[in-house]
Number of protein chains: 2
Amino acid sequence: MKLSRVKGMRDFYPEQMFQRRWLEDLWRQVSLRNGFVEYDGPILEHLELLTAKSGQEIVEQLFSLTDRAGRDLAIRPEITPTLARMVNQRVESLAKPIRWFSIPRLCRTEQPQRGRLREFFQWNIDILGVDSAVADAECIFVAVDLLRAVGLKAEDVVVRISSRELLAAMLKEAGFSAEQVDTAYRLLDKQGKIAAEAFEAQLQQVLTDEKLREGLRRITSYRTLEEIMSQTGLSSQSRAAGERLAEVFSVLKTLGVADYCSFDIGIVRGLAYYTGMVFEIFDRAGKFRAMCGGGRFDDLLKALGGPSMPAVGFGVGDVILTEVLAEKGLLPETAKTSEFYIIDADASLFNKVLEVVARLRASGRGSEFSYKRTSLGKQLKAAAAAGARRCVIVGQETTDEGLVSIKDMASGKQERVLLEKFLSNPEQVFE
Amino acid sequence: MKLSRVKGMRDFYPEQMFQRRWLEDLWRQVSLRNGFVEYDGPILEHLELLTAKSGQEIVEQLFSLTDRAGRDLAIRPEITPTLARMVNQRVESLAKPIRWFSIPRLCRTEQPQRGRLREFFQWNIDILGVDSAVADAECIFVAVDLLRAVGLKAEDVVVRISSRELLAAMLKEAGFSAEQVDTAYRLLDKQGKIAAEAFEAQLQQVLTDEKLREGLRRITSYRTLEEIMSQTGLSSQSRAAGERLAEVFSVLKTLGVADYCSFDIGIVRGLAYYTGMVFEIFDRAGKFRAMCGGGRFDDLLKALGGPSMPAVGFGVGDVILTEVLAEKGLLPETAKTSEFYIIDADASLFNKVLEVVARLRASGRGSEFSYKRTSLGKQLKAAAAAGARRCVIVGQETTDEGLVSIKDMASGKQERVLLEKFLSNPEQVFE
């Protein structure tokens, strides 16, 4: 029998699940305090929607299936097509700007390797209906807000920011045709992921004109936006795009996150649908792939059958971020959840234990008990193993006088109180 | 282009997502206070695991696919096979009893209809490693704890409880073979879901022996467990099973949830793997299908390649429960999340707005602002529309004297405070 886990996917035993929930809760908290509201779609989408957004090459990356009615479906590999579909479906009635977040489960049939799994979770933030440098910068601020929340400092990670608009204008200036611009995007997206010699070899292969190669080398040699903007021969298109990006950096400074951010003309985000500012977040040591990627995609909603609507957003997967956090020692320890542990001094009093457990739980207090009727000492041991904060000991005095003993597990202190008084305010003991 | 939603699945726009999160948060809270820890598995499992648990008939209910390596996979239609697989994989190292919960996303290719969708979420509670009436009753208590938490009272809903063991023993006494017992399970599971005449017709068809039909009618005519137990001719097997079930009812009384519970010999839970106590939860008015089902399944882990391990648990889907809650008016209104809304008295002060927004958000306070530089009045209106609790107005005095005005949106009261003092404790104004 094939009873193993599916390749490239994860089981979340309680320890792993605790960490996943911790991260998801932080994603949610940060989203809400930044004024975003949550949405989600189905795990399956029509194949046509996914290819309409990302082209036929995405098909190889999909877990796809045909349902009984002959419809071609696939497990979503990203949430953006769903976002575009949902917004387009209700575009008239939705209040603008749309500020939505989501934490979808996604699948891709990639070859499993470090940082790449076939199933993962991804935090998505999107602002639709606003075309301004403020919204561009705000997206980056939200990503940095999360980095700070998990304890990643400006010396640990860096947000590398560029502009597709600026890069395209500069490539055009250097003599690139529209098709050659796409070739350059593909090349630049690989730079940094492959060795320098391999990159140079690919460059020779796909750009046969030495003048173009020279142009690309010159463009990628700029280290700051100021360097580019100080050139005299800059086309008006390049200048306008550069000024817009400079405005993004200016807002990032106002928002107090400039120390996390730096300009990097080499950030292009593959062949995707980006039209303006683009960014990726890396660990400064360069040990991991990007833990976050995003940018402006003003044409996507229209391409998927909707009206023209400016949009900017990003995604953060759980796999690489968790690896970075593990390496920095920033993942939380699994917390024991048990608050009270109810114990009987004698097996005949077990019903009283169940009563107290039921009343505590119903009032919202975590409480546990042993299924085995054993000695007081063994039950206290079980309570300690369960990580209980306090024990409630039910004895003969409970039936006779309505008294229970409360034992604080950390200090070892023990006090006798009226059961009803304890139940009315379980925290008041020892105060 | 096929850009619509997949049939039978749901989009969760922010209003629907708010309700889904509200329910999931309650499921989680109730699980934790009852001492359960969370787990999850992949959305895809090997087809063989799913059929090993539920037989070939489940295949028709599955979204299945073959991956590039030729593996037969399917989207999980339930989490129990995953639970069994995960426990079996680590059965030596896991501390017993295992008390786990999960809130999986599940898919089935059912014909979409009221209360049945092709994608849904299901709360699962399981106790493994304990064979006692206390664990049986505790499961039901946890389900009732949730019912109370969402506001469903004993007059609204009922937990119908029976025992597979008892029913099987009584059917055997009445002359049923093992195969005929399965036939009876199938029949009884349909009773209540189809009209009385249709049921009688099916009965005639599948049980040709009138003596067996008579036996089945007699067994299902019992209204209380006491009625059954007071019979003189009861076999020792039936008596033992009845006594165990009586113990479950006794513990339910001790746990204070007897008012939600009633005996119903007709509850069998289909042909599934249950071996002892079984239960389903219904609205008392009988308008909806069962919103919860569960029971004891002591043989499953062994059947899936593990050691013998007693187990009891239940599942609650989101679809019917949400329908019941909607009908009773118990679903929450969507809450606006915005806490503070930052406004500039003059467009030239916008940078100060961004600064205040960034500092509030970074300190965990929800805060928003308008992307458009408009009049103070229009920004106040936007703040009201966003549901902001308080506005922070940045004016010339902010640059000159470090003062901001805080406006409470409910009372209309307004106060001037030092910005730094406000930021150090945003709640202190008006106190």
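By convention in this document, chain letters (A, B, ...) are assigned in the order of the sequence lines, proteins followed by strands, and residues within each chain are numbered from 1. Scope of the values below: all heavy atoms of this structure, side chains included, with no hydrogens, waters or symmetry mates. As the structure is a prediction and not an experimental result, all values here were calculated from the model.
Remark: B:Arg68 CZ to A:Gln111 CD distance equals 11.0 Å, nearest 0.5 Å.
If you measure heavy-atom distances from B:Phe369 to chain A, the contacts under 4.5 Å come from the side chain alone. Contacts of B:Pro97 with chain A are made by side-chain atoms alone, with heavy-atom separations under 4.5 Å and no backbone atom involved. In this structure, the portion of B:Ser64 lying under 4.5 Å from any heavy atom of chain A is its backbone and not its side chain. Heavy-atom distances place no part of B:Leu360 under 4.5 Å from chain A, backbone and side chain included. Heavy atoms of B:Leu73 lying under 4.5 Å from chain A belong exclusively to its side chain. Heavy-atom distances place the backbone of B:Leu62, and not its side chain, under 4.5 Å from chain A. For B:Arg359, no part lies under 4.5 angstrom from a heavy atom of chain A. Only the side chain of B:Thr109 comes within less than 4.5 Å of a heavy atom of chain A; its backbone N, CA, C and O stay farther away. Neither the backbone nor the side chain of B:Ala95 comes within less than 4.5 Å of any heavy atom in chain A. With a threshold of 4.5 angstrom between heavy atoms, B:Arg105 approaches chain A through side-chain atoms but not through N, CA, C or O. Contacts of B:Asp67 with chain A are made by side-chain atoms alone, with heavy-atom separations under 4.5 Å and no backbone atom involved. Of the atoms belonging to B:Glu38, heavy atoms from both backbone and side chain fall under 4.5 Å from chain A.
B:Ile75 has its side chain within reach of A:Leu44: a pair of non-hydrogen atoms, C-beta onward, lies under 4.5 Å apart. In this structure, B:Met86 and A:Arg5 have side chains that are not in contact, with every pair of non-hydrogen atoms separated by 4.5 Å or more.
In summary, B:Asp40 and A:Arg10 do not engage in a salt bridge, as defined by a charged side-chain N under 4.0 Å from a carboxylate O. Salt bridge annotation for A:Asp11-B:Arg85: present, with a cationic side-chain nitrogen under 4.0 angstrom from a carboxylate oxygen.
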Q.
Go through it in stages, so that I can follow the logic: the residues are A:Glu138 and B:Tyr371, the test is side-chain contact (heavy atoms from CB on, under 4.5 Å), and I'd like the CA-CA distance, side-chain angles, deciding distance and then a yes or no.
A. CA-CA 11 Å; A:Glu138 194 189 7; B:Tyr371 291 105; 2.4 Å; yes
Q.
For B:Leu3 and A:His46: C-alpha separation, side-chain torsions, deciding distance, then whether side-chain contact (heavy atoms from CB on, under 4.5 Å) applies.
A. CA-CA 7 Å; B:Leu3 299 183; A:His46 288 287; over 6 Å; no
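For the pair B:Arg361 and A:Phe141, the cation-pi test (distance below 6.0 Å, angle within 45°) is failed.
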